[in-house]
Amino acid sequence: MDTGRLPHAERFDFWQDLVARESAPARITSEHADDFAASARAVDLGVVRLGAWHYPSLTLARTPRMIRSSDPELYQLALPLSGHGVVSQERRAGPLGPPGFALIDTVRPHGSTHRPDGGERAPVHTITALVPHDALPLPARRMDALLAAAIPADTGLAALLAHFLRQVVEHPEQYVASDAPRLDRIALDLIAGTLADRLDVEGELPAEVRISGLRSRVEAFVRRHLADPELTPTTVATAHHLSVRSLHRLFAGTGTTVAALIRTGRLEHCHRDLADPRLAHLPVHRIGARWGLRDPAHFSRAFRTAYGISPREHRERAVRG
């Protein structure tokens with residue numbers, strides 16, 4: 001959805017209608033209302049609805065009257081990727097800008113301002129996740145403490161959530177419709193885990209949510225350390241204060257194992273690097289070693305098993321185009 005496809009006079013009204021449809025009705029004002037250049041992308045996972053928003057500076061207010069006329073009973077978790085501003089709710093005000101989340105409740109009046117860091121014509125970029133109240137397994141009375149409060153998004157589970165939201169909403173073409181239920185479940189578990197962690201109430205989450213959150217942390221740890229030749233299920237278990245047996249049990253029924261995640265991840269990176277002309281000066285065995293596969297013979301066998309050809313043959317085919 002891009003206002004650039006509309007006449008200038010219709011752009012701002014279209015944007016206000018879009019916000020009302022995709023989130024909740026609000027009063028929006030902007031210094032650029034006469035020529036409102038903005039775009040948005042919506043990704044509906046099922047329960048969770050994601051949005052990627054690019055817009056010039058604006059001020060938003062959701063009033064009691066609007067709430068009485070339309071109350072979708074949603075939490076909105078905003079992840080600003082640029083710009084700066086303030087969000088307010090329940091007589092509390094917090095920063096709106098990276099690297100942090102901001103949480104608001106559509107049931108209650110709230111407001112925000114958001115401006116670009118550079119020139120006034122530069123757009124700001126925000127990712128949002130909308131979650132129904134009853135979808136989060138956290139007591140509403142505890143959620144009040146997080147409204148309009150800064151939630152850092154650069155460490156722990158919150159950083160994992162931020163990465164996940166960006167990946168899904170910025171690259172939806174990498175998924176198919178049948179992936180939506182699983183992505184929806186992951187989004188819900190990561191959001192619940194992030195908020196519970198902030199409230200220090202992880203023990204109040206259902207067991208399946210805690211397990212899913214731990215599994216997501218393990219998968220992220222594996223992705224970050226694929227280049228480490230010492231990465232094994234044992235080192236992964238130790239890093240997460242688990243026994244190897246508990247780690248295996250964590251992935252039971254998922255169709256994969258930690259060892260498979262390590263092997264597949266390494267081979268995927270090698271497959272990509274071998275086809276990269278910028279790395280053509282590196283010998284094949286060096287490509288394998290870059291991703292923790294230091295034994296050339298083992299690397300060649302594993303690659304052939306995965307892709308049906310040797311690493312060298314794959315590189316030659318990529319060169320021929």
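Scope of the values below: all heavy atoms of this structure, side chains included, with no hydrogens, waters or symmetry mates.
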Crowding at NE2, H298 (>12 non-hydrogen neighbours, <6.0 Å): no
- request: Taking all non-hydrogen atoms of both residues into account, name the closest pair between I67 and P109 and its distance.
  value: CD1-N, 3.2 Å
- prompt: Linking I/L/V/M/F/W/Y whenever any side-chain heavy atoms sit under 4.5 Å apart, do L190 and L74 land together?
  reply: no
Residue pair R166, I127: steps toward the side-chain contact (heavy atoms from CB on, under 4.5 Å) verdict: CA-CA 7 Å; R166 293 192 65 171; I127 290 176; 3.5 Å; yes
Side chain to side chain, P116 and P123, heavy atoms closer than 4.5 Å: no
- request: Find out whether H314 and Y307 are in side-chain contact, i.e. whether some heavy atom of one side chain is under 4.5 Å from a heavy atom of the other.
  value: no
field: salt_bridge(R223, E268) N-O dist < 4.0 Å
entry: no
field: Minimal non-hydrogen separation, V86 against L96, with atom names
entry: N-CB, 3.8 Å
- prompt: What distance do Q76 atom CD and I104 atom CD1 have between them, rounded to the nearest 0.5 Å?
  reply: 4.5 Å
Residue that, paired with Y75, satisfies side chain to side chain contact (heavy atoms under 4.5 Å, CB included) out of L130, V107, L136: L136
query: Are the side chain of R115 and the backbone of S57 linked by a donor-acceptor contact shorter than 3.5 Å?
result: no
- request: Of all the heavy-atom pairs spanning A153 and A162, show the shortest one and how long it is.
  value: O-CB, 4.1 Å
message: Has R41 got a side-chain atom pairing as donor or acceptor with E170's backbone, closer than 3.5 angstrom?
response: yes
- prompt: Between L50 and L160, is there a shared hydrophobic cluster once you connect ILVMFWY residues whose side-chain heavy atoms come closer than 4.5 Å?
  reply: yes
query: Counting distance only, does the side-chain N/O of D184 pair as donor-acceptor with the main-chain N or O of V48 below 3.5 Å?
result: yes
- prompt: Between Q89 (side chain) and D105 (backbone), is there a donor-acceptor pair under 3.5 Å?
  reply: yes
task: Begin with the C-alpha distance, continue with both residues' side-chain angles, and end with the deciding distance and a verdict on side-chain contact (heavy atoms from CB on, under 4.5 Å) for V43 and Y175.
output: CA-CA 11 Å; V43 180; Y175 306 96; over 6 Å; no
- prompt: More than 12 foreign heavy atoms under 6.0 Å from NE2 of H241: is that the case here?
  reply: no
query: Out of curiosity, does L138 fall in the hydrophobic cluster containing I186 (side-chain heavy atoms, cut-off under 4.5 Å, transitive links)?
result: yes
- request: Just say parallel, tilted or perpendicular for the rings of F303 and F299, cut-offs at 30° and 60°.
  value: perpendicular
message: Under a 3.5 Å distance rule, please check whether S23 uses its side chain to pair with a backbone N or O of A20 as donor and acceptor.
response: no
message: If you apply the rule side chain to side chain donor-acceptor pair (under 3.5 Å), what do you find for R272 with H269, and how did you get there?
response: CA-CA 5 Å; R272 180 201 64 196; H269 280 287; 3.3 Å; yes
message: Strictly distance-based, threshold 3.5 Å: is any side-chain N or O of E313 a donor or acceptor partner for the main-chain N or O of S310?
response: yes
query: Going by heavy atoms in the side chains, are L103 and L147 under 4.5 Å from each other?
result: yes
- request: Taking all heavy atoms of V87 and all of P95, pick out the closest pair and write down the distance.
  value: CG1-O, 4.3 Å
field: Exercise: identify the closest heavy-atom pair between P311 and V284
entry: CB-CG1, 3.5 Å
message: Set out, in order, the CA-CA distance, both residues' side-chain angles and the distance that settles side chain to side chain donor-acceptor pair (under 3.5 Å) for H84 and D117, then state yes or no.
response: CA-CA 7 Å; H84 63 278; D117 293 318; 3.1 Å; yes
task: Check whether any side-chain heavy atom of I151 sits under 4.5 Å from a side-chain heavy atom of L195, and report yes or no.
output: yes
message: With rounding to the nearest 0.5 angstrom, report the NE2 to CG distance, H285 to D295.
response: 11.5 Å
message: What's the separation between atom CG in L146 and atom CZ in F101, rounded to the nearest 0.5 Å?
response: 12.0 Å
- request: Mind checking the CZ-CG spacing from R185 to L45? Nearest 0.5 Å is all I need.
  value: 12.0 Å
query: Backbone N or O of C270 within a donor-acceptor pair of the D273 side chain at under 3.5 Å?
result: no
- prompt: Any ion pair linking D17 and R21 (charged N to carboxylate O, less than 4.0 Å)?
  reply: no
message: Given 3.5 Å as the limit, does a donor-acceptor pair link the side chain of R62 with the main chain of R108, or not?
response: no
- prompt: So, does T113 use its side chain to make a donor-acceptor pair with the main chain of G85 at under 3.5 Å?
  reply: no
message: L77 vs V131, test: side-chain contact (heavy atoms from CB on, under 4.5 Å). Steps then yes/no.
response: CA-CA 8 Å; L77 191 64; V131 187; over 6 Å; no
- prompt: Is the centre of the Y55 ring less than 6.0 Å from the centre of the H114 ring?
  reply: yes
message: Looking at every non-hydrogen atom in both residues, tell me the closest pair between T126 and P80 and how far apart they are.
response: OG1-CA, 3.9 Å
- request: Would you check if D179 and Q174 make a side-chain contact, meaning some heavy-atom pair closer than 4.5 Å?
  value: no
- request: Verify side-chain contact (heavy atoms from CB on, under 4.5 Å) between R266 and L231, making sure each step is shown before the conclusion.
  value: CA-CA 11 Å; R266 285 172 169 169; L231 182 68; 3.5 Å; yes
- request: For atom CZ of R278, decide whether the heavy atoms of other residues, nucleotides or ligands shown that lie under 6.0 angstrom number more than 12.
  value: no
T3 backbone acceptor or donor facing R11 side chain under 3.5 Å: yes
message: Any carboxylate oxygen within less than 4.0 angstrom of a Lys/Arg side-chain nitrogen, looking at E230 and R294?
response: yes
L161 with V47, same ILVMFWY side-chain cluster at under 4.5 Å: yes
field: CZ-CZ distance between R68 and R65, expressed to the nearest 0.5 angstrom
entry: 8.0 Å
query: Atom OG in S30, atom CG in D35: separation rounded to 0.5 Å?
result: 10.0 Å
field: W291 vs H271 side-chain heavy atoms within contact, under 4.5 Å
entry: no
- prompt: Going only through I, L, V, M, F, W and Y residues with side-chain contacts under 4.5 Å, is there a path from V168 to L157?
  reply: yes
Salt-bridge criterion met for D144 and R92 (N-O under 4.0 Å): no
- request: With the side chain counted from C-beta on, respond yes when L261 and V218 share a heavy-atom pair under 4.5 Å apart, and no when they do not.
  value: no
- prompt: Below 4.5 Å, heavy atoms only, C-beta onward: do L81 and P98 meet side chain to side chain?
  reply: no
query: Does CG in D34 sit with more than 12 non-hydrogen atoms of other residues, nucleotides or ligands closer than 6.0 Å?
result: no
query: Going by atom types alone, do T128 and W53 pair a side-chain donor with an acceptor below 3.5 Å?
result: yes
